[in-house]
> 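Quick one: the structure is below, questions incoming.
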Amino acid sequence: MPRLTHPFLALSAPLLNGLGIGAGLLLCTGVIAPLWGLPAAIAASSGYGAVGVADTVTTPASKPAAMLPAVVGAVLVAGLVALTHGHAVAEATTVLLVTFSALLWTAWGKRGMPQSFVMILSLIFQMAAFREVPMDRSAALAHLAWVGVGAVGMGLWAQLTAVVLAARYRTLALADSLQNLSELIRTQARWTRDRAEPDASATSQQDLLSLIRQQAALADVFQSARDLLYDRATEARDPHRRRKIDGLIHVVNLRDVVLACQLDIDQLPTSPSTRTALLRLAHFLTWHADRVAAMAHSVRFNAPMPAMAPAPRVLAPEDSRALQSLARRAAHLHDHCNALSAALQGQTPGPHPEAALLASLVSPATWSVAVLRRQLHLRAPTLRYALRATLAMACAVWLSHHLPWHSHPHWLLLTVAVVMRGSLEQTLARRDARVVGTLAGCALASALLWLPLGMPARFVLLALSMALAHAYVVRDYRITTTAAAVMALLQAKMFATGVHPVWLDAAERLADTLIGAALAWGFSYVLPSWERGQLPALIQRLQQALNRYAHHVLHWQEGAALAPERTHARREVYDAIWLLAQALQRTVREPAYAGSRTPHLEALLIRSHRLISQLAVVRIVLMHRQPDLHGPTATQAIAHTDRALHAWLAVAPDVAPPAPPRPAPGALDPQDDAVLVSHALPEPQGDPTPWLLRRLAQIEAEAAAWADAARGVARAG
């Protein structure tokens, strides 16, 4: 590999995206400033910078749906600021109207957030421009025209860079999925090693919850990869892309096998042989984590797959059927890793699902009005968030006119807008990161502006700051805030017509940040949307997803006709568990009077995890051992479990379900579950039917426990 390309290949997708935005800003200002003057370049850069927030890592096909609303919104906001500048009441009304309208974009979730911030940033940039530079009517119109040029230029540049970087984004999406899976396997290896220690039971639940949260977070990583790899996918026209798609499918399937490898470990008897087996399993998992990490490195840098030493063996004592079952699941993990490696190298044909199925797994790119309509009532989180943020901004507007300093009142408004989030937990995290990052950014900007920098150098610093702020907004908000502080102080010097000490601007920026962060924190308790109000709908969604997924797993042997429904059901389960894990994280930071249900949510999350782990094992049995099953017995037991799960998972969480139907003669009775689990493990070799029956009994027991945990959450409210 050429040395010159290695730094480029090492860049993450968000950083690559951010650097592309920064390069576009340099190009925009570098063309406009020599031909039409510095004021035109500064105005264009403000429009470019605001719209640049909407340029995220997406496919070229979905880019217009993201950039067009951003361009229109930024220009409209700039026009409103120009019309109302100099009229205090009208200007304050504009601030509140823009804030409320912008935050309604959050109804569309993660992809709506950039649109929200485009409007907020356009408001701040234009307030700064019209305050720092006095403009008559013709100058204001010229300024708005250049803002529009910058906004449109950013939209076109985003489309161009999306086309140029599309293949690289797909590669990085697969590499990130592999890397995250590797980290999950490594965490599971540590968890397994900890289970071998004598005092493991003391921290068992918290350790398991940490592992579950990491597993749940994979849902978001995998969905981002699907959006990039599956969009507009066609059958094998591009063999490299086809190989990446096959690789991602194997990665997603491998997650289920990893889940199966941790099943029953907490229930193993304490003995020297168990400890030895768990330590061997941990070593085995670490080896596979290294192998998947090597695959991620190979994909990221387009390098050959490295040769690895033979996999360590997982030995289980001959008299321990439970440990032998664990060893067999480890063998399945090894087989799936081999299949993944072969798919990435194009050595074996992949699953090759239809393009229509792949397209159905891509997140929607349209802006459905129905999504917003569902949030337009006083109990809806989005509307309450927009209302309390608007009230906080109203307080900030009033305060900005009564503070001892008046140079940059928009800084106070910006801090309130970016610190206040939809939940208290997110607001507190933003508050802390904003303060730390602003302090660092003010110190850095003061040092940079102390140097005798010309205007070209300042534009370079501005572009670099914008790139870093954009790249780290999700990964580390402290870096984003540091870069934003540097960018704000640079812009203040570029807009200002008189001499103003740098240290005074830095002190004002820090003071506005402290006051704005306090305002956002305080107003988080006004019209709050505590998690207790959102939990019933979330639990119902998880319940329905588990019911559908369990049904599809139990009917796996019915052929490929149900493949699309199975795929969607599995994705919905993991998405719902990811949302539940986020809800648990948020509720921990809520005040006691909000009705925290943390212990009950933890129990529900653990039960959900165990249920899908059991379903993963059944799926493996039906995929790999179906011809060896005793047909009539297996069919009858599966039908009974299907009916029992429907009884447990098809009623509201706050309603006690009816007793599950009694099994037909010869089918498995759930009352025998304790006997099957503890004393009557089948032989590890030969007919897999007894193992299937045992797993089905455990699934029924876990479904009943899940329903009980869901009722516990409902009762706690």
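From a predicted model like this one, the values you see are computed outputs, not experimental measurements.
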> Between Trp108 (side chain only) and Ser368 (backbone N and O only), is there a donor and an acceptor less than 3.5 Å apart?
yes

> Without swapping roles, check the side chain of Arg430 against the backbone of Val418 for a donor-acceptor pair under 3.5 Å.
yes

> Which label fits His410 and His408: parallel for a plane angle under 30°, tilted from 30 to 60°, or perpendicular past 60°?
perpendicular

> With rounding to the nearest 0.5 angstrom, report the CZ to CG distance, Arg434 to Leu439.
13.0 Å

> Go through the steps for Arg431 and Ser524 under the test side chain to side chain contact (heavy atoms under 4.5 Å, CB included), then give the verdict.
CA-CA 11 Å; Arg431 178 201 64 185; Ser524 295; over 6 Å; no

> Are any side-chain N or O atoms of Ser45 and backbone N or O atoms of Ile42, one a donor and one an acceptor, separated by less than 3.5 Å?
yes

> Looking at every non-hydrogen atom in both residues, tell me the closest pair between Gly155 and Val51 and how far apart they are.
N-CG1, 4.5 Å

> Looking only at side-chain N and O atoms, does Gln214 offer a donor or acceptor that is under 3.5 Å from a partner on Glu183?
no

> Tell me if a side-chain donor or acceptor on Ser182 pairs with a main-chain N or O of Leu178 at a distance below 3.5 Å.
no

> Answer yes or no: is there a side-chain heavy-atom contact under 4.5 Å between Leu424 and Pro591?
yes

> What pair of heavy atoms forms the shortest contact from Ala44 to Cys28, and how long is it?
CB-SG, 4.1 Å

> Is it the case that the side chain of Ser101 and the backbone of Val98 share a donor-acceptor pair, with hydrogens and angles ignored and the cut-off at 3.5 Å?
no

> Tell me the closest heavy-atom pair linking Pro69 and Pro64, and the distance in Å.
CD-O, 4.0 Å

> Might you confirm whether atom CH2 of Trp521 has over 12 heavy atoms from other residues, nucleotides or ligands at distances under 6.0 Å?
no

> At what distance, to the nearest 0.5 angstrom, does CG of Leu464 lie from CZ of Phe459?
15.0 Å

> Locate the shortest heavy-atom distance separating Ala520 from Val419; write the atom from each residue and the value.
CB-CG1, 3.6 Å

> Tell me if the CG atom of Leu378 is crowded by more than 12 foreign heavy atoms within 6.0 Å.
no

> Please examine the side chains of Leu448 and Leu489, heavy atoms only from C-beta on, and report whether any two atoms are closer than 4.5 Å.
no

> Is the shortest heavy-atom distance from the side chain of Thr93 to the side chain of Thr84 under 4.5 Å?
no

> Measure the CG-SG distance between Leu519 and Cys395 for me, rounded to the nearest 0.5 Å.
5.0 Å

> If you round to the nearest 0.5 Å, how far is OG of Ser446 from CG of Leu504?
10.5 Å

> Would you tell me whether Gln375 and Thr382 have side-chain atoms, one donor and one acceptor, within less than 3.5 Å of each other?
yes

> Checking Ser12 against Arg475: is there a side-chain donor and acceptor pair closer than 3.5 Å?
yes

> Does Thr59 reach the side chain of Asp227, with side-chain heavy atoms less than 4.5 Å apart?
no

> Determine whether the side chains of Gln534 and Ser529 contain a donor N or O and an acceptor N or O closer than 3.5 Å.
no

> Heavy-atom distance under 4.5 Å between the side chains of Leu461 and Val486, does that happen here?
no

> Looking at Arg168, I'd like to know if its CZ atom is crowded, meaning that more than 12 non-hydrogen atoms belonging to other residues, nucleotides or ligands lie closer than 6.0 Å.
yes

> Output yes when a side-chain donor or acceptor of Thr480 lies under 3.5 Å from a complementary backbone atom of Tyr472, and no otherwise.
yes

> How long is the straight-line distance from OG1 of Thr427 back to OH of Tyr385, given to the nearest 0.5 Å?
7.0 Å

> Look up atom CG in Asp220 and atom CD in Gln582, then write down how far apart they are to the nearest 0.5 Å.
7.5 Å

> Does the pair Tyr48 and Ile21 meet the rule for a side chain to side chain contact (heavy atoms under 4.5 Å, CB included), with working shown?
CA-CA 9 Å; Tyr48 181 101; Ile21 293 173; 3.9 Å; yes

> Does the side chain of Thr415 pick up a donor-acceptor pair with the side chain of Asp512 at under 3.5 Å?
no

> Does either side chain, that of Trp157 or that of Asp55, offer a donor lying less than 3.5 Å from an acceptor on the other one?
no

> Look only at the side chain of Arg384 and the backbone of Pro528, and say whether a donor-acceptor pair between them is shorter than 3.5 Å.
yes

> Determine yes or no for a side-chain-to-main-chain donor-acceptor pair under 3.5 angstrom, with Trp367 supplying the side chain and Ala65 the backbone.
yes

> Determine yes or no for a side-chain-to-main-chain donor-acceptor pair under 3.5 angstrom, with Gln159 supplying the side chain and Pro60 the backbone.
yes

> Measuring only between side-chain heavy atoms, which start at C-beta, is Thr171 closer than 4.5 Å to Arg300?
no

> Any side-chain heavy-atom pair from Arg458 and Leu449 closer than 4.5 angstrom?
yes

> Are any non-hydrogen side-chain atoms of Leu383 and His377 less than 4.5 angstrom apart?
no

> Quick one: do Val81 and Leu123 satisfy side chain to side chain contact (heavy atoms under 4.5 Å, CB included)? Show the steps, please.
CA-CA 7 Å; Val81 173; Leu123 173 72; 3.8 Å; yes

> Could you walk me through whether Arg586 and Trp530 pass the side chain to side chain contact (heavy atoms under 4.5 Å, CB included) test, one step at a time?
CA-CA 9 Å; Arg586 290 191 294 265; Trp530 304 128; over 6 Å; no

> Donor-acceptor pair, distance only, cut-off 3.5 Å: does the side chain of His85 make one with the backbone of Phe130?
yes

> Which heavy atom of Ala158 sits nearest a heavy atom of Lys63, and at what distance?
O-CE, 3.9 Å

> If I compare all heavy atoms of Val118 with all of Ala70, which pair ends up nearest, and what's the gap?
CG1-O, 3.6 Å

